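Here's the structure we're looking at; comments come further down.
Just so it is clear, the model here is predicted, and its values are computed rather than measured.
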2 protein chains.
Amino acid sequence: MVTRVYGQFCGLARAMEMIGERWTLLIVRNLLIGPKRYTDLRTGLPDIPTNILSTRLKQLEQCGLAVRRALPYPERAVVYELTEYGRDIEPALIELGRWGARTLTEPRSGEVVTAESLAMSLRTTFRPDGALGPDFGCEVRVAGVIVHADLADAVLTTCPGPHPGPDLIIESRTATALRDLVRDGRWPEDALADGSLHVEGERTLLERFTMMFRL
Amino acid sequence: MVTRVYGQFCGLARAMEMIGERWTLLIVRNLLIGPKRYTDLRTGLPDIPTNILSTRLKQLEQCGLAVRRALPYPERAVVYELTEYGRDIEPALIELGRWGARTLTEPRSGEVVTAESLAMSLRTTFRPDGALGPDFGCEVRVAGVIVHADLADAVLTTCPGPHPGPDLIIESRTATALRDLVRDGRWPEDALADGSLHVEGERTLLERFTMMFRL
DNA sequence: CCGAATCCTGGTAGATACTG
DNA sequence: CAGTATCTACCAGGATTCGG
């Protein structure tokens, strides 16, 4: 299935043959958040052509990064999920995302924030050394997109969707307001004052949030 | 210059727009080894079409990852070198290479080992915690390709070409013999016996080598 | 409605030839 | 040495269609 090759006996060349084609790594990113149905992937990647998604999923299967699984009876749906090998690419993906985020200045016209990109950016900016302290759960809303994160025993989990019982809610009118929060790490007075950032929960939790997530 | 976009305000999407096209990341890998002339890049990437190399170099310049520099008088040559931002991608590239190396079983027909892929694989497999002890320099030869590595103050540097005064020389007839050495980490009796591996230098240095480099 | 396959168009990669 | 030019083949993008 790998038709285009690089002709080098090299780990990086092999990696690029598997995940180097357009859209592939974004599909993997969304599958890293959790198993997804075909339609979930389409809504999570609004601009992907359906035939490309179909082709990429087959390639990911063939390379052993993902499996196609039919859910048992009552569900009767198809989900795609990563294999262990597929999940093992997460550190590389995190590093790439961290590097690419350095040029994330302003959203370009038409650019959106998706639940998966937001959830992954929380994982990307997570600093274990800033996560000391008691467990807590928070919900993050950016431009209508909602994800939640849980800190349990200094381990972070992130998922799309609202939090059942959040200790902290951070709502950001724009993507840049949240990015500035995790980039600058200082008390977001201006953003809170002008309403671009809205917070519910204890003040100390917002401080912990700014320690835990840092770009 | 980034014509094809993903429409997401996301660090990973930005990264893929910059380095996601075919050949780009392999060019970056070779430039991470050191500044290179156009012809050096061609010989280091034997299968790249020359027009693609030309296009990619312009894109890398435009994205701020590389600069084109005309050497001063006596040389009168052009070199391409990474900017600081370009060099900062190395951790992501290392992670990708490490992940891809898991499927490096046998070389496929026609696949070659290049000096840059070999040098980068030494950086990829380098373990700082296995590098304790006095400095030493070594030369690694695989299937006619020669690179050298220097350990100085527990910091590794790797370059193509022979070592001026190596403490250790490891010569491998095939790429797999060297890979097995850094993968298995055990004493390579079989390889030494059947001649697929040849070593010059103190025995203890070969042991240190197998501690320093581990896949 | 979900999960695709098919068709068409245009752009990009690959191969080779050529040039300042 | 350091590219450009040209041609072909293939892949991505977009729309539509199709089967369960």
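- Of the residues B:Arg87, B:Arg69, B:Arg68, the one that meets the salt bridge (Lys or Arg N to Asp or Glu O under 4.0 Å) test with B:Glu81 is B:Arg69.
- Of the two residues near DNA chain C, A:Val5 and A:Leu57, the one whose nearest nucleotide lies more 5' is A:Leu57.
- Electrostatic pairing of B:Arg4 and B:Glu21 does not count as a salt bridge here, judged by no charged N lying under 4.0 Å from a carboxylate O.
- Between A:Ile48 atom CD1 and D:dA15 atom P there is a gap of 15 Å when expressed in whole angstrom units.
- Between B:Tyr80 and the phosphate of D:dG3, there is a side-chain N or O to OP1/OP2 separation shorter than 4.0 Å.
- At whole-Å resolution of the value, OH in B:Tyr38 and C1' in C:dT19 are 13 Å apart.
- Using a 4.0 Å cut-off between charged side-chain N and carboxylate O, B:Glu111 and A:Arg14 make a salt bridge.
- Put simply, B:Arg68 has a side-chain N or O that comes within less than 4.0 Å of OP1 or OP2 on D:dG3.
- Under the 3.5 Å distance criterion, with hydrogens and angles disregarded, no donor-acceptor pair is assigned to the side chains of A:Tyr38 and A:Ser54.
- A close approach under 4.0 Å does not occur between any side-chain nitrogen or oxygen of B:Ser54 and OP1 or OP2 of D:dG3.
- Ion pair B:Glu139/B:Arg141 flagged as a salt bridge, since at least one NZ, NE, NH1 or NH2 atom sits closer than 4.0 Å to an Asp/Glu carboxylate oxygen.
- B:Thr50 comes within 4.0 angstrom of a nucleotide base, judged by non-hydrogen atoms across all strands.
- Going from atom NZ of A:Lys58 over to atom P of C:dA4 covers 7 Å, rounded to whole Å.
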Check nucleotides 6-9 of chain D against the protein and report each pair of N or O atoms closer than 3.5 Å, with its distance, or say if there are none.
residue: D:dT6; atom: O4; partner: B:Asn51; partner atom: ND2; Å: 3.3

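- With B:Tyr85 contributing its side chain and B:Ala66 its backbone, the two residues share no donor-acceptor pair below 3.5 Å.
- Taking the side chain of B:Arg56 as heavy atoms from C-beta on, and the options C:dT12, C:dA4, D:dG13, the nearest nucleotide is C:dT12.
- Cation-pi geometry between A:Arg22 and B:Tyr6 is met: under 6.0 angstrom from the ring centre, within 45 degrees of the axis.
- Residue B:Arg22 has its side chain nearest to C:dG14 when only D:dA2, C:dG14, C:dA4 are considered.
- With rounding to whole Å, A:Leu45 atom CG is found 12 Å from D:dG13 atom P.
- Ion pair A:Glu90/A:Arg29 not flagged as a salt bridge, since none of the NZ, NE, NH1 or NH2 atoms sits closer than 4.0 Å to an Asp/Glu carboxylate oxygen.
- One atom, CG of B:Leu53, and another, C1' of C:dT16, lie 16 Å apart when rounded to the nearest Å.
- With distances taken from any side-chain atom of A:Ala77 to the nucleotides D:dG3, D:dA12, C:dG3, the minimum falls on C:dG3.
- Counting to the nearest Å, the C1' atom of C:dT12 and the CD atom of A:Glu21 are 12 Å from each other.
- The backbone N or O of A:Gly20 sits nowhere less than 3.5 Å from a side-chain atom of A:Thr24 that would complete a donor-acceptor pair.
- Sorted by residue number, the list of members of residues 23-34 of chain B with any non-hydrogen atom under 4.0 Å from DNA chain D is empty.
- Atom CD1 of B:Ile52 and atom C1' of C:dG11 are 12 Å apart (whole Å).
- Heavy atoms of A:Arg42 sit nowhere under 4.0 angstrom from any nucleic acid atom.
- Rounded to a whole Å, the CZ atom of A:Arg4 is 11 Å from the C1' atom of D:dA12.
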What donor-acceptor contacts under 3.5 angstrom involve side-chain atoms of residues 40-49 of chain B, with partners at least two apart or in another chain?
residue: B:Asp40; atom: OD2; partner: B:Arg37; partner atom: N; Å: 3.0
residue: B:Thr43; atom: OG1; partner: B:Thr39; partner atom: O; Å: 3.4
residue: B:Thr43; atom: OG1; partner: B:Asp40; partner atom: O; Å: 2.9

